[in-house]
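Can you keep this structure in mind? I'll have questions shortly.
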Amino acid sequence: MPDPGPSPLQSSLPGAAASFAARVLADAAAHGHAVPQGLAEARTVPAETGPEAPTGAPAGLPSGPPAGLLAGPAAGLPSGPAAGISSGASAGMPTVPVRVPAGPSAGLPVDVPAGAGAGAGAGAGAGAGAGAGGAVGVLAEALAGSSGAASAVPRRIAPDPGWVPRGPQGLGTAGLSLAPRAEAPALRAEPLAAQADALIIPGLYWHPVPEPDPVRVEEVGLRIKSWALDEVQLYPEDWEGDFDGFQVGRYMVACHPDAPTIDHLMVATRLMVAENAVDDCYCEDLGGSPVGLGGRLLLAHTALDPLYSTAEYQPAWAESLHADAPRRAYRSAMEYLVRQATPSQADRFRHDMARLHLGYLAEAAWDETNHVPEVWEYLAMRQFNNFRPCPTITDTVGGYELPADLHAQPGMQRVLALAGNASTIVNDLYSYTKELASPGRHMNLPVVLADRESLSEKDAYLKAVEVHNDLMRDFEAASAELAAACPVPSVLRFLRGVAVWVDGNHYWHQTNTYRYSLPDFW
């Protein structure tokens, strides 16, 4: 398999890891511990200032990942930390001079005030996350550059310090090394921005992403439609417009830019379409109902996790997998995954799909009894009924494997849970008006907040934005902490893949104006 190279840097993880390493070395020197001669010499080099920093940004202060973390041309990719992550206490922490090459700085996410109109900039972030102590606090401070609320100006891409020790080598690890590059990659003078017709939620914290490769988008779109119609007979003719409007090719290419081949991308694309078919046809408005949902989901789940029965009854089960479109889609998509994945990767996906189905059942039970959950109960349900099965296959789609023991460690499970939670609240926000216009009462975070906390529709929506922002910053802090604690190549690449997926998921919601619109609250 060819080396696919690294995922584009679209979130704050690599910067956090590099900043943490820098501070560890500085702390060691400050306490009289031995530092290798080459590192000590490099640390004493005075800072060379580059061009004048944007207004409000401290000149020469590192605020993103070292340029040496980028492998291959990735000019202009948003690779720095999230603006607005508040720092923990770090009084007396020594600072480390760095070499700052001259050249333009690339734009990073900025905060859009909650009262700003649509079209307000490339990224947004409302409020600052809570401070953290210990390693997380150090990482947060390194990411933010200062404590307190997020700055409303683009942050600078940090220069390559040039003295960080060399890291992993081998297939798929080029982008994970902390070693200096021969030369820094060129940086875009202008920040990445949202599309002109993108849906901008004022105050929402997000990272802009490069436009997905149009050649791959087109090819994935053609292949998935052929699969849906010819292999699994997924939908009737009058659903074709909605299928095309889903824009799943653009969605998956944005979420998995490191996929080495179209075949790898198709693994994720088939699963995404199959999961939405089950949701629409079993749970939602296209024939779905909470009544009897458990039985339907259980039988559909056997298309992912096969039944092992007696010779007398096995044929009837096998035939049942062709009984309806959701089961046909699950069966086929899973077969393609099993061909591409290792057994542990496939079993990991089955586990996460069981989580998803459990969340479907909780929501259905509340619907049947007309129960509005407490906010914390709703968020607990959403930790199961969420996007988690999608980023959890980032290594399969990327053509490598995160070993099962590393995937199972508590720190990684926390990262995946937070990634899924933040991504799912994004869906609640962008699908808010779509769900309000649908028959029946649809439960989402703004609706639950309005009911349980006696808020107006607008105030409930704005508070849901704050909840999302807190989850995003917690996700990024947890990722940075795990990267520093377990700098194994496959862990670092997997964490980056999950971050890229989170950003790609937001991009798709923000730009899919066929499916989504925003409430008129601004």
Side-chain angles (χ1 to χ4, degrees), residues 82-86 111-121 123-131 148-150 152 199-206 283-285 290 359-360 362-387 417-418 420-475 502 505-506 509-510 515-522:
I85 297 180
S86 64
D111 287 337
V112 177
L199 305 171
I200 303 296
I201 299 176
L204 188 72
Y205 174 61
W206 53 279
C283 308
E284 299 288 348
D285 302 327
Y360 285 171
E363 185 173 6
W366 292 336
D367 189 17
E368 276 196 282
T369 58
N370 200 30
H371 171 67
V372 178
E374 297 287 348
V375 176
W376 72 264
E377 291 176 323
Y378 177 81
L379 293 173
M381 181 274 292
R382 272 313 220 176
Q383 182 160 309
F384 291 82
N385 177 5
N386 76 11
F387 285 106
L418 288 167
N421 294 348
S423 298
T424 302
I425 302 306
V426 161
N427 181 262
D428 278 10
L429 294 169
Y430 282 98
S431 64
Y432 177 73
T433 58
K434 176 174 177 280
E435 292 183 345
L436 288 183
S438 300
R441 182 176 189 175
H442 284 258
M443 202 174 297
N444 56 50
L445 184 56
V447 167
V448 174
L449 283 166
D451 187 286
R452 284 298 186 176
E453 300 189 2
S454 301
L455 300 174
S456 68
E457 289 185 353
K458 177 180 179 179
D459 288 344
Y461 191 91
L462 295 178
K463 184 162 185 181
V465 170
E466 294 176 8
V467 172
H468 164 271
N469 294 348
D470 288 345
L471 289 169
M472 271 290 288
R473 291 179 174 124
D474 287 347
F475 158 66
V502 169
N505 174 71
H506 172 266
H509 281 85
Q510 184 188 63
R515 288 174 62 89
Y516 303 121
S517 61
L518 296 181
D520 188 18
F521 289 153
W522 301 281

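Nothing fancy with the numbering, it's 1 onward along the sequence.
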### Nearest-0.5 Å distance, CG of residue Leu429 to NE2 of residue His509
9.5 Å

### Query
Sub-3.5 Å donor-acceptor pair from the side chain of His468 to the main-chain atoms of Ala464, do we have one?
no

### Task
Supply the atom-to-atom distance Met381 CE to Leu379 CG, rounded to the nearest 0.5 angstrom.
9.0 Å

### Task
State, yes or no, whether a side-chain contact exists between Tyr461 and Ile201 at a heavy-atom distance under 4.5 Å.
yes

### Closest heavy-atom pair and its distance - Val502, Ser423
CG2-OG, 3.8 Å

### Query
Going by heavy atoms in the side chains, are Asn427 and Asn444 under 4.5 Å from each other?
no

### Query
Would you say Leu462 and Trp522 make side-chain contact, with heavy atoms under 4.5 Å?
yes

### Summary
Minimal heavy-atom distance between Pro202 and Val465, with the atoms involved, is O-CG1, 4.4 Å

### Message
Minimum heavy-atom separation for Leu471 and Ala422, please, with both atom names.
### Response
CB-CB, 4.0 Å

### Query
Counting N and O atoms only, with roles assigned by atom type, does the side chain of Asn386 sit under 3.5 Å from a partner on the main chain of Gly359, one being a donor and the other an acceptor?
no

### Query
Do His506 and Leu204 have side-chain heavy atoms sitting under 4.5 Å apart?
yes

### Task
Any chance you could measure Leu518, atom CG, to Leu199, atom CG, to the nearest 0.5 Å?
4.5 Å

### Query
Can you tell if the side chain of Asn421 reaches within under 4.5 Å of the side chain of Phe387, non-hydrogen atoms only?
no

#### Entry: Flag side-chain contact, heavy atom, 4.5 Å: Glu453 against Asp459
no

### Message
I'd like to know whether CD of Glu457 has more than 12 heavy-atom contacts from other residues, nucleotides or ligands below 6.0 angstrom.
### Response
no

## Note on the structure
Rounded to the nearest 0.5 Å, the CD atom of Glu363 sits from the SG atom of Cys283 at a distance of 8.0 Å

What pairs of donor and acceptor atoms, side-chain ones from residues 368-375 against any protein atom, are under 3.5 angstrom apart with sequence neighbours left out?
{"from": "Thr369", "atom 1": "OG1", "to": "Ala365", "atom 2": "O", "distance (Å)": "3.0"}
{"from": "Thr369", "atom 1": "OG1", "to": "Trp366", "atom 2": "O", "distance (Å)": "3.4"}
{"from": "Glu374", "atom 1": "OE2", "to": "Arg452", "atom 2": "NH1", "distance (Å)": "3.3"}

### Task
State which residues pass side-chain hydrogen bond (donor to acceptor under 3.5 Å, both in side chains) with Arg515; sequence neighbours excluded, sorted by chain then number.
none

### Query
To the nearest 0.5 Å, what is the distance between OG (Ser456) and CG (Leu449)?
11.0 Å

### Tyr378/Asp428 under side chain to side chain donor-acceptor pair (under 3.5 Å): CA gap, chis, key distance, verdict
CA-CA 12 Å; Tyr378 177 81; Asp428 278 10; 2.5 Å; yes

